[in-house]
Amino acid sequence: MSTTNDGAMTDSPYADSIVVDASCTKDGTVVVRIVGDIDMATQRYLRTRFDETFAEFPSPKAVLADVAEVTFFGSAGIELLVALAERSAARGHPFRIVTGNNRAVIRPLEVTGLDRSLDLVPTFDAAYASPPHRRG
């Protein structure tokens, strides 16, 4: 099961391996928290959840993807985060990835060099304390 921004539970075929919570803060920042595995089996479901989130909150101040509790992060996860960063940039919304210093996520991004092009922050405090990086 996953939880929507209003607390309602939704059915997911991936209920045992992934949980996605989406909400909008008072300042207009959309936060999407992902818990579990980001792999080929869950990638399509995650894209759908992000599509639903962008439809519900079409003009966010910023988008934060919280991956601090991701337990598996492979090439599907990398592809997902890159696509989300590009989508947010195209719409003019800063996109930051809150890692929680999660090595399961950080290490693949370091190996691929994407840690230098994606906007990674260790905590929510860090996400709010400094302006988003302008990558280009």
Looking only at heavy atoms, the pair that brings Gln43 and Ala76 closest together is NE2-O, 3.2 Å
When every non-hydrogen atom of Pro58 is compared with those of His93, the smallest separation belongs to O-NE2, 3.4 Å
Quiz item: Is there a side-chain contact between Val32 and Phe54 (heavy atoms, below 4.5 Å)?
Solution: no
One should read off an interatomic distance between Thr53 OG1 and Glu56 CD, to the nearest 0.5 angstrom, of 7.0 Å
ask   = Applying the 4.5 Å side-chain criterion to the ILVMFWY set and letting contacts propagate, would Val121 and Ile106 be lumped into a single cluster?
value = no
* Are Phe50 and Val20 side-chain neighbours, meaning at least one heavy-atom pair lies under 4.5 Å? -> no
Nearest heavy-atom approach of Gly100 to Ala68 is CA-CB, 3.8 Å
Here the side-chain hydrogen bond (donor to acceptor under 3.5 Å, both in side chains) pairs for residues 29-39, sequence neighbours left out, are Asp21-Arg33, Asp27-Thr29, Arg33-Glu69, Asp37-Thr71, Asp39-Thr42
Shortest non-hydrogen pair, Pro122 vs Val98, comes out as O-CG1, 4.0 Å
Distance col, row Ile34:CD1 vs Ile97:CD1, nearest 0.5 angstrom, shows 9.5 Å
Separation between CD1 (Ile78) and OG1 (Thr112), nearest 0.5 Å, reads 4.5 Å
- Query: Do Met40 and Glu79 have side chains that get closer than 4.5 Å, going by heavy atoms?
  - Reply: no
Salt bridge (charged side-chain N to carboxylate O under 4.0 Å, His left out) filter on Arg91, not counting sequence neighbours, yields none
Less than 4.5 Å apart, side chain to side chain, heavy atoms only: is that true for Leu120 and Glu110? no
Taking every heavy atom of Ala65 against every heavy atom of Phe95, the minimum-distance pair comes out as CB-CZ, 3.9 Å
Between Phe57 and Cys24, the two heavy atoms sitting closest are CE2-CB, 3.4 Å
d(Ile18 CD1, Phe72 CZ) to nearest 0.5 Å is 11.5 Å
So OG1 of Thr99 and CG of Leu118: to nearest 0.5 Å the spacing works out to 11.5 Å
Interatomic distance, CZ@Arg96 vs OG@Ser88, rounded to 0.5 Å, equals 12.5 Å
### Query
Does Val31 offer a backbone N or O that forms a donor-acceptor pair with the side chain of Asp66 under 3.5 Å?
no
